[in-house]
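Read through the structure below, which is laid out as structure tokens, and then see the notes.
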Amino acid sequence: MDPRIYDVPGDNSWCPGCGNFPILEALKRALAELETDPKDLVLVSGIGQAAKTPHYFRSHFFNGLHGRALPVATAIQAANPGLRVLCIGGDGDMYGEGGNHFLHAVRRNPRLTHLVHNNMVYGLTKGQASPTSPVGFVTPIQVEGVQAEPFNPLAVALSLGASFVARVFCGDGEMMNRVLVEAIRHEGYALVDLLQPCVSFNRIHTYRWFREHTVPLPEDHDPSDRKQALLRALETDPCPVGIFYRETRRVFHRTLAPYEENEEPLHARRRDPGKLRAFLERYR
């Protein structure tokens, strides 16, 4: 399938050189490789520069509140398991405002792909420190440098039992495409932490910096070994990239009562107002 099937006309508001551009193109290539029809695809996002990704994508999309994309994505997937659901946002949107939802999405294991554009700064609101900013990182708000230890999303996801965990650098198109294909294909919750530069508000973590401070996971890394994956996730410099862990287990919507004896998607089922009225009458 031609990746251009997902293109939409119009201007793009990202800064020239932004890491969001190669991520957008890699995502289109991955979905095209998986022959995903735009009508079967839903992109869900919150607020932020990364959360604008669905605006530049020909598909269904839901653009909601800051930090609140994961509950919506989980509900969409549960109501119509036949859809391919991608939840997209930045490190502030997903690990900061959306941190609580991130924790519980991992626990539930919905069948969705969670793509987090991690540039270690708030780009839309002009350069404040984000949850993943390193200690000492100076911003117009943190003028003496960040004091808190950075949030480690991979270690948290692995400790909570995530069924797919990966990290890639957006400057490595080949690895990014391969990992995105595997994440989207995964039957369960798949986290991909996408390291990317913010060319306007983070002059430290540049394309060059990421190339010099990331390293592929070793060839003998076993992605079925959670303990090994967790130890790798705790390594920081150089920062490992690749698929840390994956397993197959029951997905969220199959734990719900409506699907115990009926595989038909919720959105396709016929409603019976009479049953609802009878139910309400019992509590009058």
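Positions are given from 1 along the sequence. Please read these numbers as outputs of a predicted model, since none were measured by experiment.
Residues Val121 and Val138 are members of separate hydrophobic clusters, defined by side-chain heavy-atom contacts under 4.5 angstrom among Ile, Leu, Val, Met, Phe, Trp and Tyr. Cluster membership check: Phe57 does not share its hydrophobic cluster with Ile76, using side-chain heavy-atom separations under 4.5 Å among Ile, Leu, Val, Met, Phe, Trp and Tyr. Residues Leu24 and Ile88 fall within the same hydrophobic cluster, defined by Ile, Leu, Val, Met, Phe, Trp and Tyr side chains chained together at heavy-atom separations under 4.5 Å. One hydrophobic cluster, built from ILVMFWY side chains closer than 4.5 Å, holds both Leu43 and Leu115. In the hydrophobic clustering of this structure, Val116 does not group with Met175; members are Ile, Leu, Val, Met, Phe, Trp, Tyr whose side-chain heavy atoms approach within less than 4.5 Å, directly or through other members.
The main-chain N or O of Val156 is found under 3.5 Å from a side-chain atom of Ser159 such that the two form a donor-acceptor pair. Distance alone, capped at 3.5 Å, is enough to place a donor-acceptor pair between the Gln142 side chain and the Ala129 backbone. A donor-acceptor distance shorter than 3.5 angstrom exists from the side chain of His221 to the backbone of Phe244, with no hydrogens or angles considered. Counting only distance, with no hydrogens or angles, the side chain of Asn152 and the backbone of Ala233 share a donor-acceptor pair below 3.5 Å. When atom types are taken as modelled, the side chain of Tyr56 and the backbone of Ser13 share a donor-acceptor pair closer than 3.5 angstrom. Without hydrogens or angle criteria, His60 side chain to Lys39 main chain gives a donor-acceptor distance under 3.5 Å. A donor-acceptor pair under 3.5 Å is absent between the side-chain atoms of Arg108 and the main chain of Val106, judged by distance alone. For Gln77 (side chain) and Pro110 (main-chain N/O), no donor-acceptor pair under 3.5 Å exists by modelled atom type. With hydrogens and angles ignored, the 3.5 Å screen pairs a side-chain donor or acceptor of Asp93 with a backbone N or O of Gly67. Formation of a donor-acceptor pair under 3.5 Å by the Ser45 side chain with backbone atoms of Ala51 is found in this model.
Ring-plane geometry between Phe102 and Phe151 is classed as perpendicular, the angle between the planes exceeding 60 degrees on a 0 to 90 degree scale with a lower cut at 30. Ring pair Phe164/His186 is tilted by interplanar angle, where 30° to 60° counts as tilted. A perpendicular orientation is assigned to the rings of Trp209 and His205, their planes being inclined by more than 60° (bins at 30° and 60°).
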Worksheet item: Would Ile47 and Leu65 count as a side chain to side chain contact (heavy atoms under 4.5 Å, CB included) if you check the C-alpha gap in whole Å, the side-chain angles of each, and the deciding distance to 0.1 Å?
Response: CA-CA 6 Å; Ile47 300 298; Leu65 301 176; 5.7 Å; no

Item to complete: Under the side chain to side chain contact (heavy atoms under 4.5 Å, CB included) rule, what do His213 and Phe169 come out as? Steps first, then yes or no, please.
Response: CA-CA 10 Å; His213 292 266; Phe169 163 47; over 6 Å; no

Item to complete: Walk me through it: do Val168 and Asp172 pass the test side chain to side chain contact (heavy atoms under 4.5 Å, CB included)?
Response: CA-CA 8 Å; Val168 295; Asp172 186 341; over 6 Å; no

Fill in: Evaluation steps, side chain to side chain contact (heavy atoms under 4.5 Å, CB included), between Met176 and Ile23
CA-CA 8 Å; Met176 182 163 54; Ile23 294 173; 4.0 Å; yes

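Annotation: side chain of Gln196 is in contact with side chain of Cys18 (closest heavy-atom distance under 4.5 Å). Looking at heavy atoms from C-beta onward, Pro150 lies out of side-chain contact with Phe137 at the 4.5 angstrom threshold. With contacts defined as side-chain heavy-atom distances shorter than 4.5 Å, the pair Met120/Ile204 does not qualify. The shortest side-chain heavy-atom distance between Ile5 and Arg58 falls under the 4.5 Å cut-off. Residues Pro258 and Leu266 meet the side-chain proximity criterion, which asks for heavy atoms closer than 4.5 Å. In this structure, the side chains of Thr214 and Arg167 stay at 4.5 Å or more apart for every pair of heavy atoms. Considering only heavy atoms from C-beta on, Leu191 comes within 4.5 Å of His114 through its side chain. The side-chain heavy atoms of Cys87 and Phe62, taken from C-beta on, include no pair separated by under 4.5 Å.
By the 6.0 Å contact criterion, CZ on Arg208 is open, its count of non-hydrogen atoms from other residues, nucleotides or ligands being 12 or less. In this structure, Arg4 places its CZ atom where only 12 or fewer heavy-atom neighbours from other residues, nucleotides or ligands lie under 6.0 Å away.
Of the candidates Asp193, Asn118, Thr132, Asp193 is the only one forming a side-chain hydrogen bond (donor to acceptor under 3.5 Å, both in side chains) with Tyr95. Considering Asp40, Ile184, Asp37 as possible partners of Arg84, the one that fulfils the side-chain contact (heavy atoms from CB on, under 4.5 Å) test is Ile184. Checking each of Leu41, Leu112, Thr53 against Leu86 for a side-chain contact (heavy atoms from CB on, under 4.5 Å) leaves exactly one that passes, namely Leu41.
Remark: Asn109 CG to Arg249 CZ distance equals 4.0 Å, nearest 0.5 Å. Put simply, CG on Leu160 and NE2 on His104 are 8.5 Å apart, with the number rounded to the nearest 0.5 Å. Note: Lys227 NZ to Asp222 CG = 13.5 Å, rounded to the nearest 0.5 Å. For the atom pair CD (Glu260) and OG1 (Thr255), the distance works out to 9.0 Å, reported to the nearest 0.5 Å. Atom CZ of Phe21 sits about 11.5 Å away from atom SG of Cys170, to the nearest 0.5 Å. With values rounded to the nearest 0.5 angstrom, His117 atom NE2 is found 13.0 Å from Cys198 atom SG.
Taking each heavy atom of Phe201 and Gly123 in turn, the nearest pair found is CE1-O, 3.4 Å. Among all heavy-atom pairs drawn from Pro240 and Arg232, the shortest one is CG-O, 3.5 Å. The two residues Val135 and Ala148 make their nearest non-hydrogen contact at CG2-O, 3.4 Å. Between Met94 and Gly89, the shortest heavy-atom contact is CE-N, 3.5 Å. Closest of all the heavy-atom pairs between Ala30 and Asn177 is N-OD1, 3.5 Å. Nearest heavy-atom pair, Tyr189 versus Ser163, reported as atom, atom and distance to 0.1 Å: O-OG, 3.1 Å.
Under the 4.0 Å criterion applied to side-chain N and carboxylate O atoms, Glu263 and Arg254 are assigned as salt-bridge partners.
Residue Leu276 is found in a hydrophobic cluster whose other members, listed by chain and number, are Phe279, Leu280, Tyr283; membership requires side-chain heavy atoms under 4.5 Å apart, directly or through intermediates.
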